[in-house]
*Asks:* 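First, the structure itself, so that you have it in front of you.
Quick note: numbers below take in every heavy atom, side chains included, and nothing from hydrogens, waters or symmetry partners. So that the names make sense, note that chain A is the first sequence line, chain B the second, and so on, each numbered from 1.
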Amino acid sequence: MRYDPQAIEPRWQAHWEQHKTFKTPGPGDPGFDPGKPKFYVLDMFPYPSGVGLHVGHPLGYIATDIFARYKRMRGFNVLHPMGFDAFGLPAEQFAVEHGVHPAITTQRNIDNMIRQLKRIGLGYDWDRCIATTDPRYYKWTQWIFLQLYNAWFDPAQGKARPIAELEQALASGQYEIGPDGELVPVDPAGGIEPIVGGPIGTRKWQELTPDQQRALLDEYRLAYIDEVPVNWCPGLGTVLANEEVTAEGRSERGNFPVYKRPLRQWMLRITAYAQRLLEDLDLVDWPEPIKLMQRNWIGPSQGAQVQFPLAYGTATSDQEVITVFTTRPDTLFGATYMVLAPEHPLVEAITTPEQYHEVNQYRQQAQSRSDVDRQAQAKAKTGVFTGAYAINPVNNAKIPIWIADYVLMGYGTGAIMAVPAHDERDFEFAKQFGLPIKAVVMPPDSWLRHQSEQLPEEPGGTMACELETIERIRQRYLEAPGSFPEAYTGEGQGVNSANEEVSLNGLPTPQAKQEITAWLQRKGLGRGTVQYKLRDWLFSRQRYWGEPFPLLHCPGGQIVPVGEDELPVELPPMEDFRPAASDDPDAPPQPPLGRAPDAWKYVERDGQKCTRELNTMPQWAGSCWYYLRFCDPRNDERFVGQEAERYWMTSRKKDGQAHAGGVDLYVGGVEHAVLHLLYARFWHKVLYDLGHVSTPEPFGRLFNQGYIQAHAYTDARGVYVPADQVQQRDGKFYYQDQEVFEQFGKMGKSLKNAVAPDDVIAQYGADSLRLYLMYLGPLDQSKVWNTRDIVGVHRFLQRPHVHFIQAEAVG
RNA sequence: GCGGCCGUGGCGGAAUUGGCAGACGCGCCAGGUUGAGGGCCUGGUGGGGCUAAACACCCCGUGGAGGUUCGACUCCUCUCGGCCGCACCA
């Protein structure tokens, strides 16, 4: 009998639908069998786009579907859900373009994609379907935000704790407060390490005014407001994430200019978790390249913080030191000048009147330049002398302080000690501005020889070079390292590095680092630290189509969280939800919610008229915890029921040991290797610390499906031509003697609609699509899916305009 | 620039303690089969040499060059090419 997909597939799909064939019982549900082991297979849920699914979606979804079915047949109770990540700018933009409210277009898109997914015949439990835009869902996104807001990170315990516990500890005198708001434990035996240099003038909690107390607590919350440089796009009326800004410094959408500008924004203190996010990668079964990408993103560097006192005469009223971070404390004796980032807060205070004008001009120029510009001009070092001097603490040398934009405010302390002999950037800068270069590490002979060969010949003649002994080269290096073509940045033996108390001379670099760090620590001048590249997470957007913050701004600048019983804070219905666009880079951001009805915007609290927070959360928010909601998607009492969470999110490995992560298999594209996966891990760890979830990690095993790459050709009009009739000559491509152009890209970019799953299904049936995608390549070496037994799929490759050449698994 | 992944037939891809390279499949070729529309069955299929043809036999072959080894797709060094991530991170 012939297989007629048009007749057979809809019939069965209707049967599955009616009988809820794929319904998965959880704890407490009828039909739940507690004796069955559980298995949680999760897809990265899609964004409900107006064009529907592209072939990249079924590629991954079919793979997990097969795996879920396999596990089911092996006797597991398999959770295999699907939902929609539906907030975000594209939906808003789509809505603006079509003049329809995003809630309507989003729902329409979701319905369409559900139709397509059902048509493929995927075995999802549709009763568990969720959308991040559903108030019943984002009620709990807001609730989790409040958990973050009401928590602080206790470095002594290395975990988040309720902010009330900090308040209690302060009130009971466990901590006093340092000049910069740092917590100084009263009992030095336990708790937080005091700041470098020891406490100066600490205050007690009771000595603070209520406003100061509140401000202090706010500084420790995991969600806090800060003034940070952001990508401000007045043309779109919103701040943008770095990913939404093109290499040319314009917005990806609309191509408007983007400016770096400090704005008061909500931030999440992900940096507090840097170490744990790094260490716990060892607990999960993920592809090594992905772990590596996360490690690089977090970017730990071993080094030391060192304090440089300002030289006599330039000291300011309250600041006497500049703190720097360095990975090479062993080169401290070679620090011949310092550089501050142009935005560094100390610049204002230390700049001498003579230099003021020049410094100011440079700062303004640096501010107007975008990051991209700064990078584009990276080759040429620029900078200005402040007129001020600092003292190198190891040898009391008076060294000049400069500002330059090659020092970034966002990394370390925003200030560096410059060791031109042993750092490429400092070397270049010193040469450009004629600053002294002092060698304090002796490079190996091979390096010296190689470098001296590249030197211009001395007037003495060529023979001198050949006869030059290694001793002579060494001598020359000590006298004038600046005459060598490059800085020596490797390891070597310390030279020229001694004072009355400590000597690094003759020590190899690793020992020298230890020695000098210990000395600095003894003298209270510094200490060893680990510096991370990871920055705190910019969490607010000036958009309409996102989760509103559950916060009120009350008179006197006080921020009051909305009560849990008042959640969700629903988005107000609005006619005009467009962002406020402007041509003026200095125009203040005007979140669309600013135009919301007064009845929504203003809230009475304790007899005061308070204003709701008008920003919304970024698109990442909803996807940070959706895997938890799938365990118990209709619960209106908790973000996830405790029993359901424990059942689905606690995994056992084969050896019976508890697994670090609850989702047993998570499949999706590499494009989420860093941000989504890092953000979700961060939220999960906070929830873990606060006792709301049972595992330290959300995703035990991760698999990246890789990209489908499509190879197609178009003629000059952009019309596709048959790929198999294209000929290549002299690096160009021809079809019927007309030159054609190669279109090569990932699905999801230019070719994402070249093959719509709908078309394939309409023509050949869902069954074919599954075979077809499997034909493209196995996702894994697993025996569950392989290409061996698939027959007859080649027909699909004969589709006239596109020819897929590969789909490969990453890792 | 730094870091990572990867180069095997016309194609997708097999081949791990280093042991018959190209499993399995697609495509192609030959033959068979009343077989209606996503056909089915059998055989062949890396390149070259020898041969009228076949059997058999020989040589070469995993991007390139070298090395280790009785033996290398596999290990080492260098090199070329592709893909990905980061990028003035002190």
*Asks:* Kindly indicate, with the supporting measurements, whether the criterion side-chain contact (heavy atoms from CB on, under 4.5 Å) is fulfilled by A:Ile403 and A:Arg363.
*Replies:* CA-CA 9 Å; A:Ile403 63 170; A:Arg363 292 182 86 185; 3.9 Å; yes

*Asks:* Can you check the A:Lys291 NZ to B:C86 P distance for me, whole Å?
*Replies:* 20 Å

*Asks:* Measuring from the side chain of A:Pro289 (C-beta onward, heavy atoms only), which nucleotide among B:G3, B:G4, B:C88 has the closest atom?
*Replies:*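 Given the options B:G3, B:G4, B:C88, the side chain of A:Pro289 is closest to B:G4.
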
*Asks:* Measuring only the P atom in each nucleotide, how far is B:G4 from B:A23? A whole number of Å is fine.
*Replies:*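 Straight-line distance between the two P atoms is 34 Å.
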
*Asks:* Can you tell me the distance, in whole Å, between the CD atom of A:Gln531 and the P atom of B:A90?
*Replies:* 8 Å

*Asks:* Identify which nucleotide among B:C88, B:C86, B:G3 has an atom closest to any side-chain atom of A:Trp297, counting heavy atoms from C-beta outward.
*Replies:*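 Side chain of A:Trp297 sits closest to B:C86.
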
*Asks:* Going through the distances and angles, do A:Tyr406 and A:Asp426 end up as a side chain to side chain donor-acceptor pair (under 3.5 Å)?
*Replies:* CA-CA 9 Å; A:Tyr406 81 91; A:Asp426 299 344; 2.7 Å; yes

*Asks:* Indicate, with a heavy-atom threshold strictly under 4.0 Å, whether A:Arg535 touches base, sugar-phosphate, or nothing.
*Replies:*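 Base, at least one base atom sits under 4.0 Å.
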
*Asks:* Find out whether the Lys NZ or Arg CZ of A:Arg681 is both under 6.0 angstrom from the six-membered ring centre of A:Trp286 and within 45° of the ring's axis.
*Replies:*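 A:Arg681 over A:Trp286 ring: yes.
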
*Asks:* Taking only the P atom of each, what is the distance from B:U77 to B:A21 in whole angstrom?
*Replies:*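 Straight-line distance between the two P atoms is 26 Å.
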
*Asks:* Relative to the ring of A:Phe429, is the ring of A:Phe433 parallel (under 30°), tilted (30 to 60°) or perpendicular (over 60°)?
*Replies:* tilted

*Asks:* Rounded off to whole Å, could you give me the CG-to-P distance for the A:Asn296 and B:G3 pair?
*Replies:*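 From A:Asn296 CG to B:G3 P: 11 Å.
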
*Asks:* State which of B:C88, B:C86, B:A90 makes the closest approach to the side chain of A:Lys533.
*Replies:* B:C86

*Asks:* B:C88 base to A:Lys381 side chain: any donor-acceptor pair below 3.5 Å?
*Replies:*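 Yes, the side chain and the base share a sub-3.5 Å donor-acceptor pair.
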
*Asks:* Counting heavy atoms from C-beta on, name the nucleotide in B:A90, B:C88, B:G85 closest to the side chain of A:Met293.
*Replies:* B:G85

*Asks:* Rounded to the Å, how far apart are A:Glu424 CD and B:A90 C1'?
*Replies:*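 A:Glu424 atom CD is separated from B:A90 atom C1' by 12 Å.
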
*Asks:* Between B:A30 and B:G82, how many Å separate the two P atoms, rounded to a whole number?
*Replies:*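 Taking atom P in both B:A30 and B:G82, they lie 39 Å apart.
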
*Asks:* Nearest whole angstrom, please: distance from the P of B:C88 to the CD of A:Glu343.
*Replies:*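 These atoms are roughly 14 Å apart.
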
*Asks:* Mapping A:Val674 and A:Arg328 onto RNA chain B by nearest heavy atom, which one lands closer to the 5' end?
*Replies:*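 Upstream on the strand: A:Val674.
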
*Asks:* Using the C1' atom as the reference point in each nucleotide, state the distance between B:C60 and B:C2 in Å, no decimals.
*Replies:*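 One C1' to the other, the span is 40 Å.
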
*Asks:* Considering only atom P, compute the distance from B:G7 to B:G64 and round it to an integer number of Å.
*Replies:* 13 Å

*Asks:* In this structure, how many angstroms lie between the P atom of B:A90 and the CD atom of A:Gln302, rounded?
*Replies:* 12 Å

*Asks:* Measure from the side-chain heavy atoms of A:Tyr411 and tell me the nearest of B:G85, B:A90, B:C88.
*Replies:* B:A90

*Asks:* Hey, what's the ring geometry for A:Trp620 with A:Tyr679, parallel, tilted or perpendicular (30° and 60° as the breaks)?
*Replies:*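 Ring orientation of A:Trp620 relative to A:Tyr679: perpendicular.
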
*Asks:* Which nucleotide in the list B:C88, B:G3, B:A90 gets nearest to the side chain of A:Leu292?
*Replies:*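 Between B:C88, B:G3, B:A90, the one nearest the side chain of A:Leu292 would be B:G3.
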
*Asks:* Quickly work out the A:His422 NE2 to B:C88 P distance and round it to whole Å.
*Replies:* 24 Å

*Asks:* For atom C1', what is the distance between B:C57 and B:C75, given to the nearest Å?
*Replies:*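 33 Å, rounded to whole Å.
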
*Asks:* Is the side chain of A:Asp226 donor-acceptor paired with the backbone N or O of A:Val228 at a distance under 3.5 Å, no angle test?
*Replies:* no

*Asks:* Using atom P in both nucleotides, what's the gap between B:U8 and B:A65 to the nearest angstrom?
*Replies:*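 Approximately 16 Å lies between the P atom of B:U8 and that of B:A65.
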
*Asks:* With syn defined as a glycosidic angle within 90° of 0 and anti as everything else, classify B:G9.
*Replies:* syn

*Asks:* In whole Å, what is the span from the CD atom of A:Glu288 to the C1' atom of B:C6?
*Replies:*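 Rounded to whole Å, this separation is 17 Å.
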
*Asks:* Show me the dot-bracket string of RNA chain B, counting Watson-Crick or G-U pairs under 3.5 Å, with | for pairs to another strand and [ ] for crossing ones.
*Replies:* (((((((..(((......[....)))(((((((.....)))))))((((.......))))..(((((..]....))))))))))))....

*Asks:* Would the number of heavy atoms belonging to other residues, nucleotides or ligands and lying under 6.0 Å from CD of A:Gln511 be above 12?
*Replies:*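 It does: A:Gln511 CD has more than 12 such atoms within range.
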
*Asks:* Taking the six-membered ring where the residue is Trp, are the ring centres of A:Tyr389 and A:Phe385 under 6.0 Å apart?
*Replies:* yes

*Asks:* When you check the gap from the basic side-chain N to the acidic O, do A:Asp282 and A:Arg276 get nearer than 4.0 Å?
*Replies:* no

*Asks:* Could you give the distance separating B:G9 and B:G61 at their P atoms, to the nearest angstrom?
*Replies:*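 Here B:G61 and B:G9 have their P atoms 14 Å from each other.
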
